[in-house]
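Worksheet: the structure to be examined is printed underneath.
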Amino acid sequence: MTSIGQVTRQIAALEISSKPNTTRPTGATHQKKPSQSGQNVSKLLSKFAAPNPFPAPVQKSTSSSTIPTKSSARPPSPTKAPPPPPPSAPTQPAIDIGRYDGGFEIDNESRGEKVYGEAAEQLALDSSVARYRPTREWHLTDFDIGRPLGKGKFGRVYMVRTKCEPHYILALKCLYKSEIVQSRVEKQIRREIEIQQNLRHPNVLRLYGYFHDEKRIFLMLEFAGKGELYKQLTKHGCFSERRSARYVDQMADALMYLHAKHVIHRDIKPENLLLGINGELKIGDFGWSVHAPGNRRKTLCGTLDYLPPEMVEGKEHSEKVDYWALGVLTYEFICGAPPFEDLSGYNATYKRIARVDLKIPSKVSPEANDLIIKLLQYDPEKRLPLSEVRKHPWVVGHRSKSGSTAIRAS
Ligand code: AMP
């Protein structure tokens, strides 16, 4: 059995507010919103971002909820005082995981029914019995639950800390089985989980483990300390070319990794990207991914703004759909809206994509302009390969000397 130390990595925290509406306003450019608080928290927590080989006991936050386990419910033995920390152990401040609002229990009463039969089998997802790299067995009682991070279609996401040493910080995402069945996405969810649990890349959100009970599935996700990239884009309207180039560099690297594993993402867009504590980009949603070793797919999926001509025209497509999406993303980072967006509706957007009706504003530098044009090619085979994207002068010119792609919020 794999220990938690082998399975998980410590990811640190910053404030993330809940997401009241995941739907993106059509045609809206990114509006400025008040800036996030918690910069000091960020500084403190970044100390916990790196795995600590000798973790000292971390004080429990008083505000978080501890769901009692069989062992923690027992009164502490008066004869057994906890051993003092070794003299050399560094003193670490507690990470405040915030106040739990009881959302898991509230939801569990009001939504979700048990599922039976084949669907129940499909959704009996448990990483401790996974064929490939099984983890230790996990239960909800293994976590202290903190602040809500957001709400997704199938349930809530919370910041949590493992009760066992060394108290890793994670995002725990809950999915209601009956709602998955109602939406007929059992296979898709299963596939998403299977894909994500096998991925290991600094710019791909880790899935450390998963478990289920009668009504719910829980995903133990890497905690993305700076939240959603889309929120940043909304806050700033658009990004500087330096910041955009660094994200593009990280995206190209992550996509190369995914494609080498025969995973086509197919739904690259700012809403599916999260940010780690150092501002590094994390591809975080595998809902539309396909594991496609050598085969080409015909299903239409994803948001229209990011779809390549071959997909809107219902033709076969390959991993080159992600190259196109990277071109759209580059444009949107710099200009604040996707290039083929047409406020008059889907049909108009469709036509603009099919014609590659691309107009790049004059504020865009010639180097960025060149990269966008090279990625947004009608013919998938003519799109710039990802290895070339990483060598492109615009990307190389904005890469930091240390090679670090971390991005400080600007
Ligand atoms: P989702 O169900 O994946 O759409 O998640 C709902 C919201 O929870 C997202 O929009 C994020 O704001 C937040 N969230 C999800 N996963 C994480 C994570 N790993 N780290 C931090 N926040 C997350």
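Keep in mind that what you see is a predicted model, and the values were worked out from it rather than measured. Side chains included, hydrogens not; waters and symmetry mates left out as well; all remaining heavy atoms used.
The backbone N or O of Glu228 sits nowhere less than 3.5 Å from a side-chain atom of Gln232 that would complete a donor-acceptor pair. Side-chain N or O atoms of Arg111 include none that pairs as donor or acceptor with a backbone N or O of Ser178 at under 3.5 Å. Of the possible donor and acceptor atoms, one in the side chain of Glu222 sits under 3.5 Å from a partner among the backbone N and O of Arg206. Between the side chain of Asp142 and the backbone N or O of Cys164 there is no donor-acceptor pair closer than 3.5 Å. Ser183 places no side-chain N or O within 3.5 Å of a backbone atom of Val185 that could act as its donor or acceptor partner. A donor-acceptor contact shorter than 3.5 Å is absent between the side chain of Arg99 and the backbone of Arg147. For the pair Ser127 (side chain) and Tyr210 (backbone), a donor-acceptor distance under 3.5 Å is present.
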- Query: Where do His392 and Asp370 land on the side chain to side chain donor-acceptor pair (under 3.5 Å) test, with the steps shown first?
  - Reply: CA-CA 9 Å; His392 190 277; Asp370 181 71; 2.8 Å; yes
- Taking it one step at a time, do Ile373 and Ile360 satisfy side-chain contact (heavy atoms from CB on, under 4.5 Å)? CA-CA 9 Å; Ile373 290 171; Ile360 303 180; 3.9 Å; yes
- Message: Using the rule given for salt bridge (Lys or Arg N to Asp or Glu O under 4.0 Å), can you reason through Glu113 versus Lys215, listing the C-alpha separation, both sets of side-chain angles and the distance that settles it, and then say yes or no?
- Response: CA-CA 6 Å; Glu113 283 135 35; Lys215 292 181 176 181; over 6 Å; no
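The side-chain contact (heavy atoms from CB on, under 4.5 Å) check on Lys187 picks up Gln122, with sequence neighbours excluded. Every residue two or more places apart in sequence or in another chain that forms a side-chain contact (heavy atoms from CB on, under 4.5 Å) with Ser387 is listed here: Met256, Pro385. Remark: Glu310 engages Pro308, Lys315, His317, Val321, Pro380, Arg383 in a side-chain contact (heavy atoms from CB on, under 4.5 Å) (not counting sequence neighbours).
Side-chain N/O atoms of His398 and Asp249 include no donor and acceptor closer than 3.5 Å. With 3.5 Å as the limit, one finds no donor-acceptor pair spanning the side chains of Asp126 and His212. Residues Ser365 and Glu241 bring a donor and an acceptor atom of their side chains to less than 3.5 Å of each other. If you check the side chains of Asp101 and Tyr158, you find a donor sitting under 3.5 Å from an acceptor.
A salt bridge does not link Glu186 with Arg190: none of the charged nitrogens is closer than 4.0 Å to a carboxylate oxygen. Electrostatic pairing of Glu388 and Lys391 counts as a salt bridge here, judged by a charged N lying under 4.0 Å from a carboxylate O. One finds a salt bridge joining Glu280 and Lys282 here, because a Lys/Arg side-chain nitrogen approaches an Asp/Glu carboxylate oxygen to under 4.0 Å. Between Lys269 and Asp305, no side-chain nitrogen of the basic residue sits less than 4.0 Å from a carboxylate oxygen of the acidic one, so the salt-bridge criterion is not met. Classification of Asp213 and Arg216 as a salt-bridged pair holds, one side-chain N sitting under 4.0 Å from a carboxylate O. The pair Asp107-Lys151 does not meet the salt-bridge criterion, since no charged nitrogen lies less than 4.0 angstrom from a carboxylate oxygen. Using a cutoff of 4.0 Å between basic side-chain nitrogens and carboxylate oxygens, Lys351 and Asp357 are not scored as salt-bridged. Ionic pairing of Arg390 and Asp253 is present here: one or more N-O contacts between side-chain nitrogen and carboxylate oxygen are shorter than 4.0 angstrom.
For the pair Arg243 and Phe239, the cation-pi test (distance below 6.0 Å, angle within 45°) is passed.
For the atom pair CG (Leu170) and CE (Met159), the distance works out to 9.5 Å, reported to the nearest 0.5 Å. Summarising the geometry, atom CD1 belonging to Ile193 is positioned 12.0 Å from atom CG belonging to Asn198; distances are rounded to the nearest 0.5 Å. Atoms CD1 and CG, on Ile145 and Leu172 in that order, are 7.0 Å from each other to the nearest 0.5 Å. Separation of atoms CG (Asp342) and OH (Tyr350) is listed at 14.5 Å; rounding is to 0.5 Å. To the nearest 0.5 Å, atom CG of residue Leu376 and atom NZ of residue Lys374 are 13.0 Å apart. The structure places CD of Glu194 at 13.5 Å from OH of Tyr132, a figure rounded to the nearest 0.5 Å.
Taking the six-membered ring wherever Trp is involved, the centroid distance between the rings of Phe218 and Trp138 does not fall below 6.0 Å. The distance between the ring centers of Phe154 and Tyr176 does not fall below 6.0 angstrom.
For CZ of Arg200, the number of neighbouring non-hydrogen atoms (other residues, nucleotides, ligands) closer than 6.0 Å is greater than 12. Lys363 NZ: more than 12 foreign heavy atoms inside a 6.0 Å radius. Within 6.0 Å of atom CD in Glu313, more than 12 heavy atoms from other residues, nucleotides or ligands are found, so the atom counts as buried in its surroundings.
Residues His236 and Phe333 are not in side-chain contact: their nearest non-hydrogen atoms beyond the backbone lie 4.5 Å or more apart.
Checked against Trp324 for a ring-ring contact (aromatic ring centres under 6.0 Å, His included), the options Tyr378, Phe340, Tyr306 give a single hit: Phe340.
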